[in-house]
Amino acid sequence: MGLRLLTTTLAFLPTTLSGLASAASCTNFAAPTLPGAEVLWVKSNPVADFSLPSDQTRLPEDAPKADFCNVSVALTHPGDNDTVFVTVWLPHEKSWNGRYTATGGGGLAAGYDINMLQPLLSSFATSSTDGGLTLNHTINPQSGIWGTKHDGAVNEALLLNLAHRSIHDMSVVSKQIIKQFYKTDPTYSYWLGCSQGGRQGYAAAAHYPDDFNGVLAMAPALSSEYIGPGDFWPVIVMENEGEIVPTCVFEAFQAAIVELCDPLDGVTDGMISDYDLLLTCPFDPKSIVGDTIDCEETGAITISQHHATIVSKILEGPHNDYGERLWYGLAHGATFSGVANTTLDNDILTPQPFPPSAGWLRGMIIRNTSYNIFDMTIPEYLDAFNTSIEQGGPIFGLDTLDLTSFHSFGGKLLTWVGLADEYIHPSNLLKYYHSVEEKLNNTTTNINDFYRIFTAPGVGHCHGGVGPQPLNAMTALVDWVENGIAPETLPVQSNTVNGKVALRDLCLYPKKPVYNEGDDNSQRSFSCKDPRKEEQGKDESGDGDEESGAKGLFGGGSWCAVGFGLVCLGFLSV
Ligand SMILES: *[C@@H]1O[C@H](CO)[C@@H](O)[C@H](O)[C@H]1NC(C)=O
Ligand SMILES: *[C@@H]1O[C@H](CO)[C@@H](O)[C@H](O)[C@H]1NC(C)=O
Ligand SMILES: *[C@@H]1O[C@H](CO)[C@@H](O)[C@H](O)[C@H]1NC(C)=O
Ligand SMILES: *[C@@H]1O[C@H](CO)[C@@H](O)[C@H](O)[C@H]1NC(C)=O
Ligand SMILES: *[C@@H]1O[C@H](CO)[C@@H](O)[C@H](O)[C@H]1NC(C)=O
Ligand SMILES: *[C@@H]1O[C@H](CO)[C@@H](O)[C@H](O)[C@H]1NC(C)=O
Ligand SMILES: *[C@@H]1O[C@H](CO)[C@@H](O)[C@H](O)[C@H]1NC(C)=O
Ligand SMILES: *[C@@H]1O[C@H](CO)[C@@H](O)[C@H](O)[C@H]1NC(C)=O
Ligand SMILES: [Ca+2]
């Protein structure tokens, strides 16, 4: 797949390349200029035959090796005591497609070099930045250690870097490096990221509306100030209920949820395809109390009332003292294995918190190395939640994400979200979308002129899950930005559900996939319909070619899934 992808990307080559002047040289880059920052050094080296292990990149074993110019820039914001690295990878002049894409991070990381590999192999000039969060390559940013300064205070400068400052630093620096190398500006600039990287894409659009022509922001970790503590909630529940639940018990609950709510979207196909059901699925955890399940690790277990109580709380999410919900629980149908991961070792069950979530609490909120977050009582947790909202809200909150200028500049924002996202309840994104829509209500602008969300049934956070995996979203974005062809659907990669291949286009929100008739694995059996329109038109996308999911310029899986061996796992929200 990767090879087809690479050969077909030739279609992207601009026709003007032959007109370029002298051959690009990978030496002697001048220091870029950046208001508010001081560039410390620029280093560059040509790289040949570069590859990374395919379990890290998710590229095929036989993916081509990369030749490129590697440019690193170190900078600091005077007074802020930070060291920020920006890395730019430049394909050879002859194979450059004329475009630039910045790449985002995951979890508590602002970016990883590995995320540049697929854009590079697809002929983009590309960049990433650590945002200063590695403290000059001395720590893993997922630890959250960067959140605390030596005096114990919150490191506001690094928090700002993550929130949005490092995005602009990177784009300004990268564009100057690109210009020096190719002697011309990029024709178009893009953002590419999932999870934290998706949130960064929204922040880029809101804060730096003319930095990127197109933003591909998948499963964005919007409202990080809630996700940070929110993803720790299942651990708090288990610790405070005094019982750590084995994985197989959670799996039994997940299976029961899917069994009940999968058919409620109109077809029993192993996935919950109606986004409303993520909140309204009428599953009662008590319904499987007494069932006995066969657990590989522990032997047979009978589901108890107490298991049901714990699962109820995980699904309901944290509530404050007044009974108001602070944050969503786990989306119905998503796996518990992300935020309610437990492991059995020497007969002892231990909760394994989602690392960035623990890092957020330790580094940004508690900031006390002798405090054990596993011992947090519910009141202490609610206090921490409060601190997180008060501290993070002003820079990570939904109301910091005004897209008005981005729209005026002609920018396009494309998002897809897995409806089985196990780290971030998709409803928060849909809520944000409605707030944008509401602001435009009395204007002549249609939200879909510049902002489109697609929902991916059965797909987990950025990738994974039983649902067909989104594909070619970057191609769709490029087509939208450069040719004015707005995507009505997004293709998905075939996957197997219950042993069968499932092909289906993703619906443009708020449309939902509606089953008409025929083989439930066939694209022709579904159409996308808007539940808000009384007069439902005929099939709007149900007549697609069965093969549509496999075509396209990039092929081979979700673009941004590259590097998630490291990045996705390492997080994601916040
Ligand atoms: C790119 O340059 C940086 C800074 O010199 C270096 O640390 C890194 O290893 C280089 N990457 C590659 C792939 O050569
Ligand atoms: C600046 O940051 C470095 C690295 O994190 C740290 O060791 C040093 O103490 C900091 N200096 C001040 C003045 O905070
Ligand atoms: C980062 O650490 C290295 C190795 O300790 C040091 O030589 C360098 O000066 C530091 N700062 C920068 C911006 O590279
Ligand atoms: C669960 O925790 C174990 C131990 O830390 C880890 O190896 C595994 O990857 C985690 N599973 C998930 C889905 O995060
Ligand atoms: C840090 O946590 C420890 C252990 O819970 C506690 O005894 C101590 O008072 C805390 N320190 C601060 C400054 O809150
Ligand atoms: C945090 O707690 C303070 C004091 O109880 C309260 O005034 C404030 O409204 C709370 N903030 C949030 C975001 O709940
Ligand atoms: C837009 O305004 C109309 C009335 O002017 C109202 O009925 C509709 O619900 C509003 N839509 C949104 C998305 O706010
Ligand atoms: C849009 O117009 C309607 C009717 O004039 C008004 O009720 C509503 O508040 C307006 N909405 C916004 C977001 O301005
Ligand atoms: Ca279904």
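Keep in mind that the numbers below use all heavy atoms, side chains included, and drop hydrogens, waters and symmetry copies. Just follow the structure's listing: the first ligand is 1, and inside any ligand the first atom is 1.
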Checklist entry - For the atom pair NE2 (H92) and CG (D67), what is the distance rounded to the nearest 0.5 Å? => result 5.0 Å
Checklist entry - Is there a protein heavy atom at a distance of less than 4.0 Å from atom 9 (O) of ligand 3? => result no
Next on the checklist: Counting backbone and side-chain atoms alike, is an N, O or S atom of M271 positioned under 3.0 Å from the Ca ion (ligand 9)?
Outcome noted: yes
Checklist entry - atom 4 (C) of ligand 3: which protein heavy atom is closest, and how many Å away? => result N136 ND2, 4.6 Å
Item to check | Between N115 and T103: side-chain donor-acceptor atoms closer than 3.5 Å | outcome: no
Checklist entry - Protein heavy-atom contact under 4.0 Å for atom 14 (O) of ligand 1? => result yes
Next on the checklist: If I consider every N, O or S atom in D262, which one ends up closest to the Ca ion (ligand 9)? I only need its name.
Outcome noted: OD1
Item to check | Closest approach of any protein heavy atom to atom 5 (O) of ligand 1, naming residue and atom | outcome: K43 CD, 3.8 Å
Next on the checklist: side chain to side chain contact (heavy atoms under 4.5 Å, CB included) for W89 and S128? Distances and angles first, verdict last.
Outcome noted: CA-CA 9 Å; W89 284 2; S128 79; over 6 Å; no
Checklist entry - Does any N/O atom on T83 come nearer than 3.5 Å to any N/O atom on ligand 3? => result no
Checklist entry - From I272, does some N, O or S atom reach closer than 3.0 Å to the Ca ion (ligand 9)? => result no
Checklist entry - Any idea which atoms of ligand 3 are less than 4.0 Å away from a heavy-atom of W41? => result 12 (C), 13 (C), 14 (O)
Item to check | Which of the ligand 3 atoms, numbered from 1, are nearer than 4.0 Å to a heavy atom of L40 | outcome: 13 (C)
Checklist outcome for this item: Per-atom filter on ligand 1: closer than 4.0 angstrom to a heavy atom of N45 are 1 (C), 2 (O), 14 (O)
Checklist entry - For atom 2 (O) of ligand 1, what's the nearest protein heavy atom and its distance? => result N70 ND2, 2.4 Å
Item to check | Ring center gap for W41 and F85 short of 6.0 angstrom | outcome: yes
Checklist entry - How close do A420 and G458 get, heavy atom to heavy atom, and via which atoms? => result CB-C, 3.8 Å
Next on the checklist: I want to know whether F212 and Y190 have ring centres closer than 6.0 Å.
Outcome noted: no
Checklist entry - Quick one: do the S127 and Y100 side chains pair a donor with an acceptor below 3.5 Å? => result yes
Checklist entry - What heavy-atom pair brings Y275 and T455 nearest, and what distance separates the two atoms? => result CD2-CG2, 4.3 Å
Checklist entry - Which atom, among the N/O/S set of D269, is closest to the Ca ion (ligand 9)? => result OD1
Item to check | Minimum-distance protein heavy atom relative to atom 3 (C) of ligand 1 | outcome: S72 OG, 3.3 Å
Next on the checklist: I want to know whether Y509 and Y433 have ring centres closer than 6.0 Å.
Outcome noted: yes
